[in-house]
Trainee: 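Dropping a structure here in structure tokens format, bear with me for questions.
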Number of protein chains: 2
Amino acid sequence: MCQSGGVVSIGGTASTTAVLRVMNERAVFAEIFKLGKVSRPELAQATGLSKPTISMALTDLERARLVRPVGLRTGSTGRAALLYEIRPQAGWVLAVDVGREFVRLALADLVGDIAARRDEHRKGGETPDELVAWLGGLTRELVDEAGAALGDITLTVFGTPGIHDKETGSLQLAPNLPGWDRPGAIELLAGVAADAPYVVENDVDLAAVGEGAYGLGQGVDHFALVWIGTGIGMGVVIDGKLYRGAQGAAGEISYLPVGEGDPLVNRGRGMLESVASADGVVALATRLGMKGVTSAKDVFDAARAADPVACRVVATEADHIAHALAGVIAVLDPQLVVLGGGIGVQAGDLLIGPVTDCLRDLVALRVPMIKASTLGTEAVLLGAMAVGLTTARDLVFERAVAQVPPD
Amino acid sequence: MCQSGGVVSIGGTASTTAVLRVMNERAVFAEIFKLGKVSRPELAQATGLSKPTISMALTDLERARLVRPVGLRTGSTGRAALLYEIRPQAGWVLAVDVGREFVRLALADLVGDIAARRDEHRKGGETPDELVAWLGGLTRELVDEAGAALGDITLTVFGTPGIHDKETGSLQLAPNLPGWDRPGAIELLAGVAADAPYVVENDVDLAAVGEGAYGLGQGVDHFALVWIGTGIGMGVVIDGKLYRGAQGAAGEISYLPVGEGDPLVNRGRGMLESVASADGVVALATRLGMKGVTSAKDVFDAARAADPVACRVVATEADHIAHALAGVIAVLDPQLVVLGGGIGVQAGDLLIGPVTDCLRDLVALRVPMIKASTLGTEAVLLGAMAVGLTTARDLVFERAVAQVPPD
DNA sequence: CCCATTTGGCAAGGTCTCTTACAAAGTTCC
DNA sequence: GGAACTTTGTAAGAGACCTTGCCAAATGGG
């Protein structure tokens with residue numbers, strides 16, 4: 001609606017016939033991704049281009065080693081059609097989830113199939129250099145296992161807690177990753193995968209992307225993933241795209257002024273986080289007199305067994321979450337809110353009902369759907385893959401078209 | 001990042017040479033908007049196209065009556081260049097701000113110059129039919145004044161309170177516009193400007209667009225306009241575009257759970273709204289013992305004269321606003337927050353300092369800039385104009401290119 | 001008054017895509 | 001098993017677009 005430079009302006013990029021060809025090849029490439037194994041006539045149908053043009057594009061794409069023929073489709077009447085598909089080895093994406101207790105890595109080919117993966121327990125407290133060396137070793141194992149080479153990796157996507165400050169190249173608000181708040185620390189990550197391009201993204205943001213690509217957010221334009229576990233965060237998807245905010249801090253709802261308590265008391269932790277996170281649940285249960293509670297799961301199990309105190313804790317938790325969501329919904333008006341993270345996944349069945357009920361009193365219009373994530377602990381890794389795949393597909397095409405135009 | 005149908009996909013639209021021409025003409029058209037009076041060589045430079053192509057595009061655009069020559073640029077060495085500009089009469093935009101006490105109308109030509117406008121006092125309580133008839137009459141006056149015809153209006157943009165529910169064609173949450181909550185009522189607005197296309201947008205959303213096009217939001221990608229007056233609302237601009245939300249209710253922050261008070265007590269009004277709006281300020285001042293206070297302005301004037309009670313009211317108001325903004329900032333992480341509406345404009349000088357200070361204790365990272373709107377009561381009308389102009393420019397081009405391709 | 005400089009127009013050439021036509025390779029039916 | 005039919009793939013010709021290169025026109029300065 002508005003543009004820099006004062007007033008509004010319509011878009012439009014000038015082009016010549018040469019870029020027309022690139023555009024069409026890109027369209028064919030994208031269509032093959034969408035349709036899988038596909039014949040020339042089907043591509044002509046899908047893109048609106050003529051058969052000869054499709055043939056031209058395919059020979060170019062095949063010479064660039066982006067697609068390959070995979071046999072004939074026979075059975076129906078008429079001549080058998082030669083089928084084409086994306087060449088999976090045309091690109092590799094390394095997805096890395098650097099969590100509090102685990103690191104998870106997945107190496108996926110360009111069509112998104114995971115060729116190799118690892119889940120490793122963290123000792124905790126590793127220095128940045130140690131962590132990078134460790135991840136680098138795991139990456140080499142994965143690459144070997146997949147039958148690829150380290151240099152084949154098109155793009156690496158790291159999911160980490162905290163906020164990636166691009167100006168200083170450091171990680172803010174990530175107490176579980178000591179040493180990464182040093183200016184320039186992020187650049188160390190280039191060493192994990194042989195200086196391939198890499199992206200660092202907030203873990204909860206990636207979980208939201210994962211939810212949009214593989215989970216409940218599929219086909220939903222605007223939704224939010226609220227992550228409730230040891231910490232609290234939110235990933236926002238708007239118009240099908242991850243929204244990061246001006247500083248990359250969109251969705252940092254741990255600081256929402258919710259629940260009783262002086263804001264100044266809980267400085268540095270965030271008000272919502274201190275009352276609604278896993279620790280908050282345990283603390284409240286203990287305060288109300290439950291014995292032997294060490295984890296939030298204990299409380300939820302007790303609530304499922306109809307323990308009256310545990311039920312009160314769950315009700316309070318639902319109330320806190322609902323009040324936080326009321327703010328989110330008022331600002332964003334999403335179509336869907338997904339609850340993820342340890343508490344969201346484990347206790348989704350207990351919470352969704354009371355949260356939704358409570359929201360009816362707090363929200364002006366219709367309450368959006370509230371659902372519990374189905375991706376579990378995979379959400380961040382899948383989100384990293386999804387981000388990596390979209391970017392890698394562009395990168396691979398760009399590179400191929402830039403290098404192979406002659407002849 | 002994610003698409004319906006399962007997984008991510010790169011874009012790309014297939015095209016033929018014919019659409020190439022349209023693309024280039026659109027690019028030239030857009031460039032003339034950006035540069036104003038401009039010569040052929042300048043357009044060639046700006047678009048990257050060659051001189052003959054520019055000439056071709058210009059003859060087409062001139063034949064479509066979208067641009068016109070405006071004389072020669074002489075003075076420098078070399079042959080004088082023939083300058084072209086947008087033909088202002090190629091399109092007209094009618095902007096209408098239907099407020100609580102006033103209606104404001106502006107008729108702008110395609111380059112955005114206001115050719116005629118009206119500010120009229122509302123009697124209040126008009127039926128939809130009466131309102132439409134009144135607006136229709138005013139529109140005819142404007143059109144006459146501008147030397148245009150009613151059929152020349154390319155697009156009408158209405159700014160109203162409430163939420164335009166497109167499914168039922170009615171207006172929700174707009175108590176000041178009785179009768180417009182009836183299903184299909186919105187369609188009556190087509191009668192204002194002879195069945196020209198029209199758009200109905202929330203007034204605060206339009207104010208945000210106006211701020212982005214003509215005010216403090218120029219060149220800012222992500223910002224929010226918080227409107228504080230008789231009611232409270234917010235317009236959200238993300239990636240330079242207005243964000244409406246799934247139901248068109250994004251930014252309905254009047255229901256934020258802020259301030260003391262039972263949520264159930266203030267149902268239907270919104271908690272934030274009841275404490276922070278103009279009425280809330282007056283109520284608080286009276287409760288604290290101020291005499292003869294009838295409007296929020298009285299309180300702010302007294303505060304400027306260092307009245308201690310008024311100062312306390314202002315401090316409380318700042319505190320409420322800051323708490324609301326804390327939620328907005330946590331969710332959206334905007335680069336800038338603009339305070340608009342009666343209170344935002346009148347008392348911006350008093351509020352911005354304390355609000356910013358208070359936010360430092362409530363926000364995780366850097367506090368975004370907080371500024372008071374400079375557009376005053378014009379914001380909604382200017383936003384309607386901005387929305388209308390972008391859309392009208394596309395419409396006019398589309399129409400011209402669709403009609404004049406032969407020869 | 002002549003020259004350097006810039007602008008505008010025209011013709012030729014190259015690239016892209018589409019349409020049309022035809023050859024190639026299956027299936028169906030007798 | 002073979003003929004007819006249907007679908008696929010390729011080749012040639014034509015149309016549309018943009019660009020390069022060249023020349024005429026117009027303006028200011030010396």
Side-chain angles (χ1 to χ4, degrees), chain A residues 12-28 31-32 35 37-63 67-84 401 404-407, chain B residues 12-28 31-32 35 37-63 67-84 401 404-407:
Chain A
T13 321
S15 307
T16 168
T17 52
V19 324
L20 191 61
R21 180 154 200 174
V22 175
M23 284 174 54
N24 286 343
E25 287 187 9
R26 166 174 274 125
V28 170
E31 210 63 40
I32 301 178
L35 300 176
K37 294 181 185 179
V38 64
S39 71
R40 270 180 259 243
E42 286 165 349
L43 285 172
Q45 174 81 29
T47 59
L49 298 170
S50 67
K51 285 188 293 174
T53 305
I54 297 292
S55 289
M56 282 286 238
L58 282 178
T59 53
D60 275 9
L61 290 172
E62 193 180 347
R63 190 171 45 219
V67 306
R68 66 181 181 194
V70 275
L72 302 167
R73 164 145 56 219
T74 175
S76 68
T77 174
R79 175 175 174 175
L82 183 55
L83 299 179
Y84 281 84
V401 169
V404 195
D407 189 4
Chain B
T13 321
S15 307
T16 170
T17 51
V19 325
L20 193 60
R21 178 152 201 177
V22 175
M23 283 173 54
N24 287 342
E25 286 186 9
R26 167 175 274 123
V28 171
E31 210 61 40
I32 303 177
L35 300 176
K37 294 182 185 178
V38 64
S39 72
R40 269 182 262 242
E42 285 164 350
L43 284 172
Q45 173 81 29
T47 59
L49 297 170
S50 66
K51 286 187 296 173
T53 306
I54 296 293
S55 290
M56 282 285 237
L58 282 177
T59 53
D60 275 10
L61 290 172
E62 193 180 347
R63 190 171 48 219
V67 305
R68 67 180 182 195
V70 274
L72 302 167
R73 163 143 55 218
T74 175
S76 68
T77 171
R79 177 174 172 177
L82 183 54
L83 298 178
Y84 281 83
V401 170
V404 195
D407 186 6

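Throughout, a chain's letter reflects where its sequence line sits, starting with A, and its residues are numbered from 1.
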Trainee: Output the rounded distance in Å from CG (A/Leu72) to P (D/dT6).
Mentor: 22 Å
Trainee: Check this one for me: any side-chain N or O of A/Ser76 less than 4.0 Å away from OP1 or OP2 of D/dT6?
Mentor: no
Trainee: Where each residue is assigned the nucleotide of DNA chain C containing its nearest heavy atom, which of A/Lys51 and A/Thr17 is assigned the position nearer the 5′ end?
Mentor: A/Thr17
Trainee: Hey, is the side chain of A/Arg40 poking within less than 4.0 Å of OP1 or OP2 on D/dT10, counting only N and O atoms?
Mentor: yes
Trainee: Starting at CE of B/Met56 and ending at P of C/dC10, how long is that distance when rounded to a whole Å?
Mentor: 11 Å
Trainee: If each of B/Val22 and A/Pro52 is mapped to the nucleotide of DNA chain D with the nearest heavy atom, which maps nearer the 5' terminus, i.e. the 5' end?
Mentor: A/Pro52
Trainee: Please determine which of A/Val67, A/Leu43, A/Val70, A/Leu83 meets the side chain to side chain contact (heavy atoms under 4.5 Å, CB included) test together with A/Val38.
Mentor: A/Leu43
Trainee: Are B/Arg79 and C/dG8 close enough that a side-chain N or O sits under 4.0 Å from OP1 or OP2?
Mentor: no
Trainee: Does the side chain of B/Arg73 come within less than 4.5 Å of B/Lys37's, by heavy atoms?
Mentor: no
Trainee: Report yes if some heavy atom in the side chain of A/Val28 is under 4.5 Å from a heavy atom in the side chain of A/Leu58; otherwise report no.
Mentor: yes
Trainee: Which comes earlier along DNA chain C counting from the 5' end, the contact point of A/Thr77 or that of B/Ala81, where each point is its nearest nucleotide?
Mentor: B/Ala81
Trainee: Counting only side-chain heavy atoms from C-beta out, which of C/dC18, C/dT27, D/dG9 sits nearest to A/Leu82?
Mentor: D/dG9
Trainee: Roughly, in whole Å, what's the span from CD1 in B/Ile54 to P in D/dT19?
Mentor: 8 Å
Trainee: From CG of A/Leu49 over to P of D/dA16, roughly how many Å is that when rounded to an integer?
Mentor: 18 Å
